[in-house]
Engineer: 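Attaching a single structure in structure tokens format; questions to follow.
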Amino acid sequence: MPVGPFSPRASKPWDELNLVTGKCGNDPLFEGGLKEEAPMKHSDAVMSGDLSTVGEVDLVIVGAGLSGCILAEKCASELGLTSVILDKRDHIGGNVYDELHKETGIRVSQYGAHLFHTQFERVWKYVQQYSEWEPFDHRVVGRVADKDNVDQLVPIPPTSISVNKLFGENIQTEEEMQAWYDKVRVPNAEPQNGEEAALSRVGPQLYEKIFKHYTKKQWDKYPSELDASVLMRLPCRTTTDDRYFPDKWQALPVRGYTRIFENMLFTGAAKDMVQLRLNCDFFKAKAEGKLPKHKMLVFTGPIDAFYASQGLPKLEYRSIRFEEKVMKKPDQGFFQEAMVVNYTSAEVPFTRIVEYKHTPNQPEAIKAGECKDSVVYYEYSTAEGDPYYPVPNPANAALYEKYKALAEKEEGVCFVGRLASYKYFNMDQAILNALEMFDSLKETGKLVPKRSPAEMQASAPVLR
């Protein structure tokens, strides 16, 4: 039965590759006396979405996620520019938003698990200004049937431990693992689709057990229906390193992700120079002529939504449906063995179950075991709902280029972030993109990216 919480650190020597070794960073609001763990309550003016009380500003920023909030903070603190941030949701933080679950008090993410990891020192230094952090080596396990059709709990992405458990091997060294790969791979110098790419990377056994049906659930397409590039990046671990990410800095914010946005907007220069309006529909306000006078519009939403009136087709996204279940007094306080358990078989309709109670950045009462219940989220990939992952195919790429051409002709409007770029960004890439666009504003007076979206983007996770 589950014994929790799942350790926040990988086993040695892999934990030593994470340069975050203890608590670090600053939480200005906490240091100023705010001890409440839940997200801050906003004023009636903020929650009303009413723009009539907002005077002239330098920037109207659409979207209170990473890109919008970082640009508002940087423009305020370094250039003295005023802004108003609009968001149709009732909270800040975009998809990164987390909160305390009303029934249990457990810190949960409303839009799926977010794990901070980065190779960019600039990003790591920036986020430490707005949160205290603690080390966290994210590891995922999968519930996968072995060769005898008995469910096993194995590391995802697969390591030698996974291969040994699933296929009855006895691989002990990196050399033996490499030899196993060499034996099972299907050579193919020019794979024509995702299935051929996967077989050339991991061979038929791992492909069938872990990747084939999970890919179908996530994308509603079998690998044979996807471009080869989607599965050419399948991780092939020869070591027992079961960390999901290889990056230098991996951590969780001690008081949650929402606190980062609160510190960005409600401390320092931004406190007096950035206004916020939630429950505010930009398109409705624009149509009714209610946008405040401004010099520049920063749009961080889906680029096709901005041009909906042009009659072009919509870009294709995959979304996620979350099914929440409160588990009453599970054995030893936990429902499952790890924070994230993936289900790779075709028989199970959901892709994974997330149990946030395992994370070390829970409120003290949760860590002390005062809550005997738990809450889990079953995730189902779907074509409907909030946009999460751009669907990589030639038709969508060609359609995006049409939208991009329209955007480049737009006067006084800047398109920023993953939705506006129709690219999948990890959190740190979204942060770096916003910081570098601000650099361009300082240098040239224009908010333009320093890297192309193709250079910046991450591959959408094959085993999210």
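Residue indices begin at 1 and follow the sequence shown. Excluded from the calculations below are hydrogen atoms, water molecules and symmetry mates; all remaining heavy atoms, backbone and side chain alike, are included.
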Engineer: Heavy atoms, side chains only, cut-off 4.5 Å: are Trp219 and Tyr389 in contact?
Structural biologist: yes
Engineer: Working to the nearest 0.5 Å, report the span between CD1 of Ile61 and SG of Cys69.
Structural biologist: 8.0 Å
Engineer: Taking C-beta and beyond as the side chain, do Trp133 and Gln128 meet within less than 4.5 Å on heavy atoms?
Structural biologist: yes
Engineer: Considering the options Lys357, Glu355, Lys325, which one meets the side chain to side chain donor-acceptor pair (under 3.5 Å) requirement together with Ser374?
Structural biologist: Glu355
Engineer: Please work out which of the three classes, parallel, tilted or perpendicular, describes the rings of His213 and Tyr222, given edges at 30° and 60°.
Structural biologist: perpendicular
Engineer: Count the heavy atoms of every other residue, nucleotide or ligand shown that sit under 6.0 Å from NZ of Lys35, and state whether that count exceeds 12.
Structural biologist: yes
Engineer: Are side-chain heavy atoms of Ile431 and Ile70 found at a separation under 4.5 Å?
Structural biologist: yes
Engineer: If you take all heavy atoms of Arg143 and Val341, which pair is closest and at what distance?
Structural biologist: N-CG1, 4.1 Å
Engineer: Decide side chain to side chain contact (heavy atoms under 4.5 Å, CB included) for His117 and Trp249; before the verdict, give the C-alpha distance in whole Å, the side-chain angles of both, and the deciding distance to 0.1 Å.
Structural biologist: CA-CA 6 Å; His117 56 99; Trp249 294 280; over 6 Å; no
Engineer: Output the distance between atom CD1 (Ile260) and atom OH (Tyr97), rounded to the nearest 0.5 Å.
Structural biologist: 14.0 Å
Engineer: Check the surroundings of atom NZ in Lys314: do more than 12 heavy atoms from other residues, nucleotides or ligands lie under 6.0 Å from it?
Structural biologist: no
Engineer: So which heavy atom on Cys280 is nearest to which on Leu51, and how close?
Structural biologist: SG-CD1, 3.9 Å
Engineer: Mind running side chain to side chain contact (heavy atoms under 4.5 Å, CB included) on Leu86 and Val60 for me, showing each step along the way?
Structural biologist: CA-CA 8 Å; Leu86 321 180; Val60 168; 4.0 Å; yes
Engineer: Does the gap between the ring centers of Tyr126 and Tyr130 come in under 6.0 Å?
Structural biologist: yes
Engineer: Answer yes or no: is there a side-chain heavy-atom contact under 4.5 Å between Leu315 and Pro390?
Structural biologist: no
Engineer: Just by distance, no angles: are the side chains of Asp227 and Ser229 close enough, under 3.5 Å, to form a donor-acceptor pair?
Structural biologist: yes
Engineer: Looking at every heavy atom in both Gln250 and Phe245, which two are closest together, and how far apart are they?
Structural biologist: NE2-O, 2.9 Å
Engineer: To the nearest 0.5 Å, tell me how far Asn361 CG sits from Tyr356 OH.
Structural biologist: 11.0 Å
Engineer: Does the pair Lys295 and Asp58 meet the rule for a salt bridge (charged side-chain N to carboxylate O under 4.0 Å, His left out), with working shown?
Structural biologist: CA-CA 5 Å; Lys295 297 173 184 174; Asp58 294 304; 3.2 Å; yes
Engineer: Specify the closest pair of heavy atoms between Arg243 and Ala10, including all atoms of both residues, with the distance to one decimal.
Structural biologist: CG-CB, 3.7 Å
Engineer: Check whether Phe30 forms a cation-pi arrangement with Arg255 (NZ or CZ under 6.0 Å from the six-membered ring centre, at most 45° off the ring normal).
Structural biologist: yes
Engineer: Would you mind reporting whether Leu441 and Leu79 have side-chain heavy atoms less than 4.5 Å apart?
Structural biologist: yes
Engineer: Run the ring-centre check on His358 versus Phe136 and record whether the distance is less than 6.0 Å.
Structural biologist: no
Engineer: If we check ring-ring contact (aromatic ring centres under 6.0 Å, His included) with Tyr317, which of these qualifies: Tyr388, Tyr422, Tyr424?
Structural biologist: Tyr422
Engineer: Would you check if there is a donor-acceptor pair between the side chains of Glu99 and His91 at a distance under 3.5 Å?
Structural biologist: no
Engineer: Is there side-chain contact between Lys248 and Trp124, with heavy atoms separated by less than 4.5 Å?
Structural biologist: no
Engineer: Say you draw a straight line from CG of Asp373 to CD1 of Ile106; how long is it, rounded to the nearest 0.5 Å?
Structural biologist: 7.5 Å
Engineer: Check whether Tyr111 forms a cation-pi arrangement with Arg89 (NZ or CZ under 6.0 Å from the six-membered ring centre, at most 45° off the ring normal).
Structural biologist: yes
Engineer: Got a salt bridge between Arg9 and Asp137, using NZ or NE/NH1/NH2 to carboxylate O under 4.0 Å?
Structural biologist: yes
Engineer: Would you say CD of Glu401 has more than 12 non-hydrogen atoms from neighbouring residues, nucleotides or ligands within 6.0 angstrom?
Structural biologist: yes
Engineer: Quick check: do Ile92 and Phe266 have side-chain heavy atoms less than 4.5 Å from each other?
Structural biologist: yes
Engineer: Count the heavy atoms belonging to other residues, nucleotides or ligands that lie under 6.0 Å from NZ of Lys88, then report whether that count exceeds 12.
Structural biologist: no
Engineer: Taking all heavy atoms of Arg277 and all of Val84, pick out the closest pair and write down the distance.
Structural biologist: CG-CG2, 4.3 Å
Engineer: List the steps, then state whether side chain to side chain contact (heavy atoms under 4.5 Å, CB included) holds for Phe6 with Phe334.
Structural biologist: CA-CA 10 Å; Phe6 191 57; Phe334 291 86; over 6 Å; no
Engineer: If only side-chain N and O atoms count, and only distance matters, is there a donor-acceptor pair under 3.5 Å linking Gln362 with Thr359?
Structural biologist: yes
Engineer: Does either side chain, that of Glu262 or that of Thr258, offer a donor lying less than 3.5 Å from an acceptor on the other one?
Structural biologist: no
Engineer: At what distance, to the nearest 0.5 angstrom, does OG1 of Thr267 lie from CG of Asp272?
Structural biologist: 10.5 Å
Engineer: CZ/Phe261 to CE/Met264 distance, rounded to the nearest 0.5 angstrom?
Structural biologist: 6.0 Å
Engineer: Does Lys404 qualify as a cation-pi partner of Phe415, given the criterion of NZ or CZ under 6.0 Å from the six-membered ring centre and within 45 degrees of its axis?
Structural biologist: no
Engineer: Does the cation-pi check pass for Lys423 over Tyr400, that is, NZ or CZ under 6.0 Å from the six-membered ring centre and within 45° of its axis?
Structural biologist: yes
Engineer: Side chains of Arg318 and Ser381: donor-acceptor distance under 3.5 Å anywhere?
Structural biologist: yes
Engineer: What verdict does the salt bridge (charged side-chain N to carboxylate O under 4.0 Å, His left out) test give for Lys41 and Glu36, after you've listed the backbone C-alpha separation in whole Å, the side-chain angles of each residue and the deciding distance to 0.1 Å?
Structural biologist: CA-CA 11 Å; Lys41 295 187 185 306; Glu36 176 61 51; over 6 Å; no
Engineer: Can you see which heavy atom on Pro360 is nearest to which on Pro8, and at what distance?
Structural biologist: CG-CB, 3.8 Å
Engineer: Less than 4.5 Å apart, any side-chain heavy atom of Tyr244 and any of Arg139?
Structural biologist: no
